[in-house]
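Quick caveat, the model's predicted, so the values are computed rather than measured. Numbering of ligands and ligand atoms starts at 1, following listing order. The residues of the chain are indexed from 1 along the displayed sequence.
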Amino acid sequence: MDKIRLLSEDTINRIAAGEVVERPASVLKELVENSLDAGARRIECLLEQGGARLIRVTDDGEGMSAADAERSLERHATSKIRSADDLLAISTYGFRGEALSSIAAVSRLRLITRRSEDRAACEIQVEGGRVIKKAEVAAPSGTDIFVEDLFFNTPARRKFLRTSATELGQAQSWFEHLALGRPDVHMILRHGKRLLLEAPAARNLAERAATVLGLEVYRQLFPFEQQDAGRRIEGLLSSPELSRASARDITILINGRYVRDRLLQGAVLDACRGSLPDGRFPVAVLQLWLDPAEVDVNVHPQKVEVRFARPLEIRRLVERAVRDLLARAPWAVTSRVYRLAQPLATKAPAVSPTTFQNLPLAGHNHAKAVQIGTAQEAAQASTGLEDWQWLGSLWNTYLLFAYGQELVIIDQHAAAERITFEKLRAARQAGQIASQRLLIAETVELDRRRLAALESGREMISELGFELEPFGPTAVKINALPAELARAEPRALVEDLLDYLAEDRLHSGWEALEEGLLARLACHGSVRAGQRLGEEEGRALLKKLQEIDFGSSCPHGRPVAVHYSRAQIESWFHRR
Ligand code: ADP
Ligand code: MG
């Protein structure tokens, strides 16, 4: 019984059409999706030269009859839907019947396929869309597809392929998305002789994530699950120890399909607000299992965007799941401190976050809005430190001082960060940032994104006072750090540096890039929230804060200090 039919004109017209074959990665994605749709339990992929030379996908799925094999290469030929009504609830990856024909049109394609009930396999070879060979051959059941010399007959498109490392990187990240989407299937990716990833069948998302993302990332991830009215959400979220400079590592999967969805990404970010500093994003993987009728996948040619029937309900479900996790997370104590602290500073209208620019300083009367923008004034100010009464450290995060008629609360991390940032900036303006050698050099394994950043940012990295030395093909040895950051954890610092450089920030200009980078680095050398400071250390921080030429906030835009006047405090108790 053959299965593949040509879609009717009417159905074709209702399909969100567009280019499916952009580059090797998209070919790999389409082929693996076909294997998954064919019920494969094991899928093996092989690329050569980043996929430009060869993309081969071998599966043990249901295979095709000889007649279907031929039809599968025609446009709008599919076994997955029959009529336009079927578009309303799609439970397969594919449904448009376009991928194989589009791929065959721009490559040399060889298809070998056998159903378990057939004795012989069918082999078909196509070159630039023309069938050049058909034969019966011996082969195991399942399907084996070779796509060679992609775009060989469309030189203009071939020219647009990037280096094989870049194409490979793209293909690899698609492969990872597919592997995260379907933990139950054994999936293997090779590049030439090199095994890039082998993910044996796993029991759940968490187990699969350990393989795909690596144990080191996995250790920082916390699983959660939630169920509601036939919808199920399975997810993993990083602790604040593992954060990123962009939202790129928030992976969203719907019924096993990777999608880019701003709505759900926003839900994750909203739920995390307050548990990460501004500009930092969690690593998260989210899988939603929904009734296929609830989600329309027929909106984007590559099917990476979807539309929900009830978007707000889905959004709420995701947000609640993440919030529930945060509420019981082992690190939540710190995050709650942040959350409580912010409303405290902003709720009461009379009490607003302010800055050191407005703080009364020694040597001046208690007048408001004393500018201490200049070094001279700062020097003057620093003589009067003894007038600042140390009240204590609060929640290991804030330093409390009384100064005359003011209560001053300093965020110790924001303050330390500001100080480090100013020192780095001053050093940078004076020339090269001094470095300090590590007693014991540390070696760090880098993923491909970071390796590329290391390559392209070499010059800037060394001007900043880092000394990094390639160590084998995928690692780097850290010999020296900027002296200002000598206390930072070298590995985390370097990873963060490279992550920052890996983001495409060049459009914002060199200066903005560098400011941002210094701000980011400053975060590392600095006292953290959660570290208890005693009076001596608290005062030392205050002194340094007054010595620098500081602006209004820490480099991440959070206020460094807030102050409450005695009058404000008395009004809370109706004394005035
Ligand atoms: P679609 O996946 O949208 O149906 P494709 O062009 O990707 O369109 O594939 C056309 C048809 O070929 C599929 O509907 C399926 O019946 C068949 N097919 C493709 N790849 C495989 C495979 N690996 N195993 C079994 N059948 C396949
Ligand atoms: Mg398909």
Self-check item: Ile145 N/O to ligand 1 N/O under 3.5 Å
Solution: no
Quiz item: Which is closest to atom 9 (O) of ligand 1 in terms of heavy atoms, Val32, Leu7, Asn34?
Solution: Asn34
Quiz item: Which atoms of ligand 1 sit under 4.0 Å from any heavy atom of Ile4?
Solution: 11 (C), 12 (O), 16 (O), 17 (C)
Quiz item: So, does Arg280 use its side chain to make a donor-acceptor pair with the main chain of Ser243 at under 3.5 Å?
Solution: yes
Self-check item: Residues Glu44, Arg190: salt bridge by 4.0 Å N-O rule
Solution: yes
Quiz item: So which of Met64, Glu62, Glu30, Glu33 gets nearest to atom 27 (C) of ligand 1, if we judge by its closest heavy atom?
Solution: Met64
Quiz prompt | Selected option - heavy-atom contact closest to atom 23 (N) of ligand 1, from Asp144, Asp59, Asp68, Leu111 | solution = Asp59
Quiz item: What part of Thr143, side chain from CB on, backbone N/CA/C/O, both or neither, has a heavy atom under 4.0 Å from ligand 1?
Solution: side chain
Quiz prompt | Residue Glu98 vicinity, atoms of ligand 1 by number, heavy atom under 4.0 Å | solution = 6 (O), 8 (O)
Quiz prompt | Over-ring placement of Lys303 relative to Tyr258, 6.0 Å and 45° cut-offs | solution = no
Quiz prompt | Electrostatic pair Glu117:Arg115 at N-O distance under 4.0 angstrom | solution = yes
Quiz item: Is the NZ or CZ atom of Arg244 both under 6.0 Å from the centre of the six-membered ring of Phe281 and within 45° of that ring's axis?
Solution: no
Quiz item: Any donor-acceptor pair under 3.5 Å linking the side chain of Arg448 with the backbone of Ala452?
Solution: no
Quiz item: Do Ser238 and Gln220 have a side chain donor and acceptor closer than 3.5 Å?
Solution: no
Practice problem: Looking only at protein heavy atoms, identify the closest one to atom 6 (O) of ligand 1 and say how far it is in Å. | Solution: Leu100 N, 2.9 Å
Exercise. For Gly94, take its heavy atoms, then give the atoms of ligand 1 lying under 4.0 Å from any of them.
Key: 2 (O), 3 (O)
Practice problem: Any atoms of ligand 1 less than 4.0 Å from a non-hydrogen atom of Arg96? List them with their elements. | Solution: 3 (O)
Quiz item: Would you call Asp184 and Arg41 a salt bridge, taking side-chain N to carboxylate O under 4.0 Å as the test?
Solution: yes
Quiz prompt | Arg458/Glu455 ion pair, N-O < 4.0 Å | solution = yes
Quiz prompt | Modelled atom types, side-chain donor and acceptor of Thr474 and Glu445, under 3.5 Å | solution = yes
Quiz item: Taking only heavy atoms of Ala38, which atoms of ligand 1 are found under 4.0 Å from at least one of them?
Solution: 24 (N), 25 (C)
Practice problem: Just need the protein heavy atom nearest to atom 12 (O) of ligand 1, so name the residue and atom and give the distance. | Solution: Ser72 CB, 3.2 Å
Quiz item: So, the side chain of Glu167 versus the backbone of Arg162: is there a donor-acceptor pair under 3.5 Å, distance only?
Solution: yes
Quiz item: Does Ala77 have a non-hydrogen atom less than 4.0 Å from ligand 1?
Solution: yes
Self-check item: Proximal atoms of ligand 1 relative to Thr78 (non-hydrogen, under 4.0 Å)
Solution: 1 (P), 4 (O), 14 (O)
Quiz item: So, Asp324 versus Gln226: side-chain donor-acceptor pair below 3.5 Å or not?
Solution: yes
Quiz item: For ligand 1, which atoms have a heavy atom of Phe95 less than 4.0 angstrom away?
Solution: 1 (P), 3 (O)
Quiz item: Taking the minimum heavy-atom distance to atom 1 (P) of ligand 1, which of Ser35, Gly39, Gly97 ranks first?
Solution: Gly97
Exercise. Among all protein heavy atoms, pick the one closest to atom 14 (O) of ligand 1 and tell me residue, atom and distance.
Key: Ser79 N, 3.0 Å
Exercise. Verify the distance test for Thr78 against the Mg ion (ligand 2): any N/O/S atom under 2.8 Å, yes or no.
Key: no
Quiz prompt | Residue-ligand contact Lys80/ligand 1, heavy atom below 4.0 Å | solution = yes
